[in-house]
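Numbered from 1 within each chain, the chains take letters A, B, ... in sequence-line order.
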Amino acid sequence: GAGVSQTPSNKVTEKGKYVELRCDPISGHTALYWYRQSLGQGPEFLIYFQGTGAADDSGLPNDRFFAVRPEGSVSTLKIQRTERGDSAVYLCASSLGRYNEQFFGPGTRLTVL
Amino acid sequence: QKEVEQNSGPLSVPEGAIASLNCTYSDRGSQSFFWYRQYSGKSPELIMFIYSNGDKEDGRFTAQLNKASQYVSLLIRDSQPSDSATYLCAVIGGASKIIFGSGTRLSIRP
């Protein structure tokens, strides 16, 4: 069956630009997560959706980051006024529920020049 | 103190031996514990999950959980070169927040 997919796989942008990263979870998974991973570090939690609503957005670093999941399936992570420090791999994961195992997508490597 | 701590390694183990990976966590209310394997340049892949104290075995992998001592470990028996990767410990704490450790790099030498 299809796993979690993410697009684009790579995104290079200039400082100050706006970017959107997309995640398509496993069908039937109601829980969806966004993480950011820097080299040599574990994934850093950003936001968790249960259905259409953001159940926990405490990991978003500042108000430049925003995510939506309007129909409870595909999610988009939006970053405004990108900064060089935003460069990282952005991972999406989905699961059946909050306490269940999460399955990760291949990630989007974001580079801000 | 980090919420989830792992030795960064690298941990070098001869092929065929047992690799032992450890993880400690600070939140006593933690409920769910996961081990992920991550190859360089790839996304994390679930290896094991454990919710209750004791051992859980799956093939060559055994997860061990001790909530009183707040540690969870992963044993890999008959280590293979393909086991060489970074192993991430993840914990869902009492506030239902999932936290990953920084990972332990494991190298299996032929």
(request) Check whether any side-chain heavy atom of Gln80(B) lies under 4.5 Å from a side-chain heavy atom of Arg60(B), and answer yes or no. (result) yes
(request) Pick whichever of Tyr48(A), Phe103(A), Tyr33(A), Phe45(A) has the most heavy-atom pairs under 4.5 Å with chain B. (result) Phe45(A)
(message) Are the side chains of Leu21(B) and Ile76(B) in contact, using a 4.5 Å heavy-atom criterion?
(response) yes
(message) Need one label for Tyr35(A): side chain, backbone, both or neither, based on atoms under 4.5 Å from any heavy atom in chain B.
(response) side chain
(message) Counting heavy-atom pairs closer than 4.5 Å to chain A, which one of Ala90(B), Ser32(B), Cys89(B), Ser43(B) comes out on top?
(response) Ser43(B)
(request) Go through the atoms of Gln6(B) and report whether side chain, backbone, both or neither lie under 4.5 Å from a heavy atom of chain A. (result) neither
(message) For Phe61(B), is the CZ atom crowded, meaning more than 12 foreign heavy atoms sit under 6.0 Å from it?
(response) yes
(message) Can you see whether Phe49(B) has Lys56(B) sitting over its ring - NZ or CZ less than 6.0 Å from the centre and within 45° of the normal?
(response) yes
(message) For Glu20(A) and Lys11(A): C-alpha separation, side-chain torsions, deciding distance, then whether salt bridge (Lys or Arg N to Asp or Glu O under 4.0 Å) applies.
(response) CA-CA 9 Å; Glu20(A) 289 190 353; Lys11(A) 177 69 177 178; over 6 Å; no
(request) Go through the atoms of Glu44(A) and report whether side chain, backbone, both or neither lie under 4.5 Å from a heavy atom of chain B. (result) neither
(request) Answer with side chain, backbone, both or neither: which region of Leu46(B) has an atom nearer than 4.5 Å to a non-hydrogen atom of chain A? (result) side chain
(message) Could you check whether any side-chain heavy atom of Ser84(B) comes within less than 4.5 Å of a side-chain heavy atom of Leu106(B), counting everything from C-beta outward?
(response) no
(message) Only pairs of heavy atoms separated by less than 4.5 Å count here; which of Ile98(B), Val4(B), Ile99(B) has the most with chain A?
(response) Ile98(B)
